[in-house]
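The figures that follow rest on heavy atoms only: side chains count, while hydrogens, waters and symmetry mates do not.
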Amino acid sequence: MGQNLTQKILTSHLVSGNLAEGNEIALKIDQTLTQDATGTMAYLQFEAMNISRVRTECSVSYIDHNTLQTGFENADDHAFLQSAAARFGAYFSRPGNGICHQVHLERFAKPGKTLLGSDSHTPTAGGMGMLAMGAGGLDVAVAMGGGAFYLPNPKVLRIWLTGQLSDWVSAKDIILEILRVLSVKGGVGKIIEYAGPGVQTLTVPQRATITNMGAELGASSSIFPSDEQTLRFLEAQGRAADFIPLSADQDASYDEEIEIDLSLLAPLVAQPHSPDNVLPVTERSALSVNQVAIGSCTNSSYQDLMSVSQILKGKHVHPDVSLVISPGSRQVLSMLANNGALTDLLDSGARLLEASCGPCIGMGQSPVSKGISVRTFNRNFEGRSGTQDASVFLASPEIAAASALTGYLTDPRTLGLPPVVDFPELFRIDDSMILPPGTADTPIRRGPNIQPLPLAPALANTLSLPIILKLGANVTTDDIMPAGAKILPLRSNIPAISEFTFHKIDAHFASKAKTLKQSIIVAGHNYGQGSSREHAALAPMYLGLRVVLARSFARIHRANLINFGILPITFVNEEDLTRMHAGNILHLVNLHQAILTPAPFAITLNNDSDPVWVKHDLSERQAKILLAGGLLNATKASI
Ligand code: MIC
Ligand code: SF4
């Protein structure tokens, strides 16, 4: 029996575990990426491991999230990261050079390799035939030090693409359709592999839009084969030498399969407040729009922005719409400037932002109160835009540009002939904003915003924990630890950022948690979906959260909880969640024994005689991490 593409890369990188069984596997990581909002922690953690230089083939530290510099904090982080990259042997992509995923695809991603990034959209590089995964900063720090990356052995879901996209239908519509079918939980525990005759009709940037938003499916990764399109992209980036052909064997098998006929797709939107709340744009086309935001790591490639410029050329943005555009990289921006498309955008009334994450992570451009914002981004969680009562619709660049012109949510097919964008023979290549690694004696610059890392206490054997919050399904890490211009600058200062934990759900959470000293959260399915930010584990740990009891967890957040010494457990009988309320006490006894044994165990709710049966699904490695009080403690103890 042949291998699928995922199995091929897993096999060639397997350090321990067995691909035939459903347990944990460990992989060798070839490349890492970090960004500034998670990178300061990752580099502080790397430093704490006392390893002098990175041991990967290539590690890149990007500055793309916090570039507003509203105070000294962001600038402190940038200086720290620049000096840390130089000292520890990583490349440093300077602020202004672009969004990590876009730049990585352009300049570093290689077919057949593994990439681990401290950002949930790292699978973007799967558009290049790379096995790219998001993780918490600490897991990335371990990988930078040459350590393996552990993950539950994934299932492989094949999405067989047939046909060809119709005019005005784009890669964004493909992934929105998949989200409609599978939901934000549909990819959990899976790697999504694309195959079929439709694949060759998609360029690498289109594929990257699809693999990028695989994160919204909860998938561990998404991957396309490496083929003629891959070679074409690499040649145009002056990197033909990085090409290898790679695809699944003809007789490969898959755990699950679905099929999508590209020619049947129509322009789609994801309605507030979830990326899987998808329907055809025609069903919402009467809706007035206040803001259109084009950019983010999903849709800010040269091809995307050229389409937008052609749609806007010679026309003017509707007077009631604010149109903001953030190019994905300096390469994209300079090509638009060079060929005149930037002038078309500016003449239409578009407001140009830096090549960075910007509004996607609430760094400016919050919509008007109760505003409708159409964004080409990947997440529309409530409040993420910075305006709590705004409604964010996710859509293709074509829908976004059309809506900016008309002032209402618009089916681009009403505009007539579609844009025609030639694939560049050669992109503009200028790596001068990527600083090569420096020498090991480079001094680290550490401003007052860089605070030492708090460590978790070892897991106690007996715990009586008050339920501090009872939550529903699909709680996001944006709910747990919001981002935005006010909070993001505090990412390297856990005592300061912890004050904002669950702020939008309960403004008094931090003070309550401090009064209780120790606590537990109970929740529904898919707890911790979304961003990889480990602050959503670190800050609650700092405030005394010891256990989360949920119906199920999102992969990255569950790993982050374990890494920071918080025990994630699930219900044997999901209905038991209905028995619990905030303020109740959960008693856990003989925990050490319980987590070292695979069997379910009983805990007590208040003084109820009827116990609550729970399970932990921890590997032995993870149980030991918890017993040590988190991965950093465990790693230190083993050095
Ligand atoms: C996001 O899109 O939510 C982020 C900001 O890129 C995060 C990382 C972070 O919170 O720093 C992600 O996706 O992992
Ligand atoms: Fe940046 Fe948004 Fe992409 Fe996250 S999803 S990396 S904030 S552009």
Side-chain angles (χ1 to χ4, degrees), residues 35 37-38 64-65 99-102 117-124 134 171-172 175-176 178-180 182-188 208-219 222 268-278 291-300 324 326 328 356-367 371-397 399-400 473-485 487-488 504 526-533 535-536 554-557:
Q35 40 88 341
T38 54
D64 54 359
H65 281 61
I99 305 174
C100 54
H101 309 303
Q102 173 70 24
S118 60
D119 192 283
S120 63
H121 290 103
T122 304
T124 310
K172 183 62 155 272
I175 187 64
L176 288 179
I178 298 170
L179 274 153
R180 189 186 69 75
L182 295 180
S183 91
V184 290
K185 304 200 295 283
V188 174
T209 294
I210 296 168
T211 52
N212 172 280
M213 273 191 90
E216 277 52 65
L217 294 162
S222 300
L268 300 170
V269 288
Q271 308 185 89
H273 298 286
S274 183
D276 60 359
N277 191 9
V278 173
Q291 182 191 55
V292 171
I294 298 177
S296 92
C297 55
T298 316
N299 276 122
S300 56
V324 290
S326 30
S356 68
C357 300
C360 178
I361 191 56
M363 297 299 276
Q365 307 303 324
S366 297
I372 306 287
S373 178
V374 177
R375 301 177 161 212
T376 65
F377 307 167
N378 47 38
R379 290 185 174 142
N380 57 349
F381 304 147
E382 193 169 3
R384 180 173 159 108
S385 66
T387 304
Q388 195 60 26
D389 58 10
S391 296
V392 174
F393 288 74
L394 305 175
S396 65
I399 293 180
N474 296 325
V475 170
T476 71
T477 43
D478 277 82
D479 295 326
I480 306 171
M481 177 49 73
I487 307 176
L488 221 43
K504 287 191 264 172
N526 203 21
Y527 180 80
Q529 67 156 335
S531 151
S532 66
R533 62 191 68 153
H535 302 76
R555 174 188 63 89
I556 302 179
H557 187 60

For the student: nearest non-hydrogen atoms of [X] and [Y], plus distance:
{"X": "P275", "Y": "A270", "result": "O-CB, 3.5 Å"}
{"X": "V184", "Y": "S274", "result": "CG1-OG, 3.8 Å"}
{"X": "V269", "Y": "A395", "result": "CG1-CB, 3.8 Å"}
{"X": "A483", "Y": "L488", "result": "CB-CD1, 3.7 Å"}
{"X": "S532", "Y": "T38", "result": "OG-CG2, 4.4 Å"}

Do the side-chain N and O atoms of D119 and H101 include a donor-acceptor pair separated by under 3.5 angstrom?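 Yes, because at least one side-chain N or O of D119 sits under 3.5 Å from a partner of the opposite role on H101.
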
Would you say the side chains of T476 and D479 form a donor-acceptor pair under 3.5 Å?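 Distance-only check passes for T476 and D479.
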
Has the side chain of [X] got a donor or acceptor atom that lies under 3.5 Å from a matching backbone atom of [Y]?
{"X": "S385", "Y": "S366", "result": "no"}
{"X": "K172", "Y": "F377", "result": "yes"}
{"X": "T387", "Y": "P367", "result": "yes"}
{"X": "S373", "Y": "V292", "result": "no"}
{"X": "T124", "Y": "A208", "result": "no"}
{"X": "T376", "Y": "G295", "result": "yes"}
{"X": "S396", "Y": "I399", "result": "yes"}
{"X": "Q291", "Y": "Q365", "result": "yes"}
{"X": "Q529", "Y": "N474", "result": "yes"}
{"X": "D64", "Y": "C357", "result": "no"}

Quick one: does I175's side chain get under 4.5 Å of L217's, heavy atoms only?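 Sidechains of L217 and I175: in contact.
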
Sub-4.5 Å side-chain heavy-atom contact between P359 and S326: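 Contact flag for P359/S326 side chains = yes.
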
Please name all residues satisfying side-chain hydrogen bond (donor to acceptor under 3.5 Å, both in side chains) with R384, sequence neighbours left out, ordered by chain then number.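 Partners of R384 under the side-chain hydrogen bond (donor to acceptor under 3.5 Å, both in side chains) test: D478.
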
I would like to know whether N380 and R375 meet side-chain contact (heavy atoms from CB on, under 4.5 Å); could you show each step before the answer? CA-CA 9 Å; N380 57 349; R375 301 177 161 212; over 6 Å; no

Verdict with supporting geometry, I372 and F393, side-chain contact (heavy atoms from CB on, under 4.5 Å): CA-CA 8 Å; I372 306 287; F393 288 74; 3.9 Å; yes

Check the pair N378 / C297 against side-chain contact (heavy atoms from CB on, under 4.5 Å), numbers first and verdict last. CA-CA 8 Å; N378 47 38; C297 55; 3.7 Å; yes

Starting from the C-alpha separation in whole Å, work towards a yes-or-no answer on side-chain contact (heavy atoms from CB on, under 4.5 Å) for R379 and M213. CA-CA 9 Å; R379 290 185 174 142; M213 273 191 90; over 6 Å; no

